[in-house]
Number of protein chains: 2
Amino acid sequence: MVSNFRQQEILELARKEGKVTVDGLAEIYDVTVQTIRRDLSELAETGRLERVHGGAVIPSGVVNIVYNERRRLNEDGKRAIAAACAASIPDGASVFMNIGTTTEAVARELLDHENLLVVTNNLNIANTLAANHSCEIILTGGVLRRADGGLVGGLTAEMVKQFKFDFSVLGCSAIDEDGDLLDFDGQEILVSRSAIQRSRNIMVVADHHKFQRKAPLTICSLADVTVLFTDGALPDKLVGDCQKWGTDIVNV
Amino acid sequence: MVSNFRQQEILELARKEGKVTVDGLAEIYDVTVQTIRRDLSELAETGRLERVHGGAVIPSGVVNIVYNERRRLNEDGKRAIAAACAASIPDGASVFMNIGTTTEAVARELLDHENLLVVTNNLNIANTLAANHSCEIILTGGVLRRADGGLVGGLTAEMVKQFKFDFSVLGCSAIDEDGDLLDFDGQEILVSRSAIQRSRNIMVVADHHKFQRKAPLTICSLADVTVLFTDGALPDKLVGDCQKWGTDIVNV
DNA sequence: GAACGAATGTTCGTATTTGTTCGTTTTTGA
DNA sequence: TCAAAAACGAACAAATACGAACATTCGTTC
């Protein structure tokens with residue numbers, strides 16, 4: 001589904017060479033760089049190429065473009081949240097981590113921890129933490145979802161139930177004003193709930209955007225959570241509720 | 001997600017050479033060392049490289065050095081075997097693939113196939129085939145073994161039993177003169193056997209070195225196999241046996 | 001042949017990347 | 001252990017690439 005003959009050829013060229021340049025293509029086809037940019041933008045939008053400064057390369061890896069963009073959203077905030085969360089996980093702990101860009105940030109901050117046991121349904125986290133040699137990594141089985149590197153399917157929740165964790169590090173799609181953790185994905189909710197059941201400490205990582213979003217399904221309430229790590233002010237009412245519930249809030 | 005051409009190539013170079021130097025790269029790309037430092041910093045930040053004074057090395061990641069060397073052993077032979085094997089797998093097939101450098105080579109040859117369903121306990125295969133967008137990938141759960149990117153543990157075999165495959169693509173540690181497929185790892189044997197039970201066609205990929213090696217545990221006999229793909233002459237006796245058993249031999 | 005739409009070219013303000021400089025940190029070798 | 005050399009990263013300026021908006025060209029349709 002390319003909108004012109006150039007795009008088809010650009011794709012072939014990129015596959016053969018591994019990359020294409022804006023200037024090079026402009027010369028080949030004798031058009032302006034702007035036209036080539038339009039072609040590359042379209043190809044990148046549909047995920048066929050990955051745009052880089054000066055040209056484009058073949059897309060690599062598990063995860064699609066949208067997710068990568070989401071990963072960049074409030075990157076610094078997520079890193080700060082992740083650092084705080086990682087700091088409160090001691091060496092030797094057993095940890096569950098679910099799907100999400102913020103939990104992935106936590107994984108990166110855990111690279112220097114020692115003797116962790118990490119169970120996850122997130123392929124990206126497994127790939128990241130593989131660099132930490134003292135960390136035992138257990139992947140749940142499931143269908144690989146390219147959208148976010150998640151492993152989904154009925155068996156995942158069952159597998160999680162076999163463990164007992166010191167910590168669950170959970171991300172979610174949204175948190176509403178009542179303090180309910182929300183998500184879009186029904187199966188992922190089952191996984192998160194199983195993890196909550198089997199964990200001594202529930203850590204939720206959520207940047208301030210999550211308080212402005214909505215999602216249809218409830219994972220649990222902040223009342224069930226041990227600590228919430230975030231990077232923005234919560235509504236006053238929620239702060240009060242958390243105090244009542246005994247839910248700690250760490251605001252980085 | 002790389003932000004420029006260099007980074008992509010730096011990664012490839014690092015994977016090939018095991019390391020890259022700041023000065024060397026600056027010379028190759030005819031840019032200042034500062035620019036290279038920025039590239040390496042970015043790659044290190046996302047965990048793709050590990051920064052060292054004067055350059056960078058590949059992170060001690062999913063797969064250890066020994067395995068990488070094994071992967072290079074008879075690389076061309078394995079690719080030829082893999083190409084033949086992939087050629088006899090039709091689009092739309094359901095396939096199981098186990099741990100092993102040769103099965104990984106098959107995965108690379110399957111990148112252009114369409115609508116495959118691939119079940120595997122090999123993280124490397126999942127990462128490779130993720131680039132094939134029309135391929136559904138199912139990972140078995142299990143403990144990540146860094147030695148070879150395998151997912152091992154009691155649950156893997158159970159999970160495999162839930163499927164029915166058109167093809168199993170199996171590697172093994174050795175094949176002895178009686179035609180028995182051998183392996184070092186007890187759990188992996190259980191996985192392979194489960195796959196064999198549940199597959200309409202068993203394809204074994206094994207380069208000629210496998211006929212000179214020994215391993216303690218038996219997976220099954222070549223009599224149970226549909227096709228053997230290899231790149232060297234088999235002992236005459238074994239050729240005769242295979243004819244008797246109805247096991248095809250494809251010698252590339 | 002006039003009206004239209006798609007593709008491309010042109011212009012311009014913005015964003016990103018790169019080179020340069022300089023003070024600090026790490027490595028090396030005595 | 002100490003000093004020189006090398007490598008490093010931060011900060012700033014220059015060069016380059018970028019995308020949006022608008023103009024132009026060319027083929028179609030009425």
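These numbers come from the heavy atoms of this one structure, side chains and all, not from hydrogens, waters or symmetry mates. Lettering follows sequence order; numbering is per chain, from 1.
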Under 4.0 Å protein heavy-atom contact, by nucleotide of nucleotides 16-21 of chain D - B base, S sugar-phosphate only: -SBBB-

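Applying the side-chain hydrogen bond (donor to acceptor under 3.5 Å, both in side chains) rule to A:Ser221 yields no partners; only residues at least two apart in sequence or on another chain are considered. B:Thr21 pairs by the side chain to side chain contact (heavy atoms under 4.5 Å, CB included) definition with nothing, not counting sequence neighbours. For A:Phe165, the ring pair (Phe, Tyr, Trp, His ring centres under 6.0 Å) partners are A:Phe96, A:Phe163, not counting sequence neighbours. Partners of A:His53 under the side-chain hydrogen bond (donor to acceptor under 3.5 Å, both in side chains) rule, at least two apart in sequence or in another chain, do not exist in this structure. Among residues two or more places apart in sequence or in another chain, the side-chain hydrogen bond (donor to acceptor under 3.5 Å, both in side chains) test is passed with B:Arg6 by B:Asp39. Residues forming a salt bridge (Lys or Arg N to Asp or Glu O under 4.0 Å) with A:Lys164 (at least two apart in sequence, or on another chain): none.
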Using residues 26-33 of chain A as the side-chain source, report each donor-acceptor pair under 3.5 Å to any protein atom, sequence neighbours left out, with the distance given to one decimal.
residue: A:Tyr29; atom: OH; partner: A:Glu9; partner atom: OE1; Å: 2.9
residue: A:Thr32; atom: OG1; partner: A:Thr35; partner atom: OG1; Å: 3.2

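Remark: P of C:dG9 and CG of A:Leu25 are 13 Å apart, rounded to the nearest angstrom. Separating the CD atom of B:Glu27 from the P atom of D:dA7 is a distance of 13 Å, rounded to the nearest angstrom. Nucleotide C:dG9 holds its C1' atom 14 Å from the CG atom of A:Asp39, rounded to whole Å. Note: CG (A:Asp30) to C1' (C:dA7) measures 15 Å, nearest angstrom.
Note on the helix from C:dG1-D:dC30 to C:dA30-D:dT1: angle between the axes of the first and last five pairs equals 40°, rounded to 10 degrees.
Remark: A:Arg6 is not in phosphate contact with C:dA7, judged by side-chain N or O atoms under 4.0 Å from OP1 or OP2. Between A:Thr35 and C:dT8 there is no side-chain polar atom (N or O) within less than 4.0 angstrom of OP1 or OP2.
In this structure, the side chain of A:Asn251 engages the main chain of A:Gly232 through a donor-acceptor pair within 3.5 Å.
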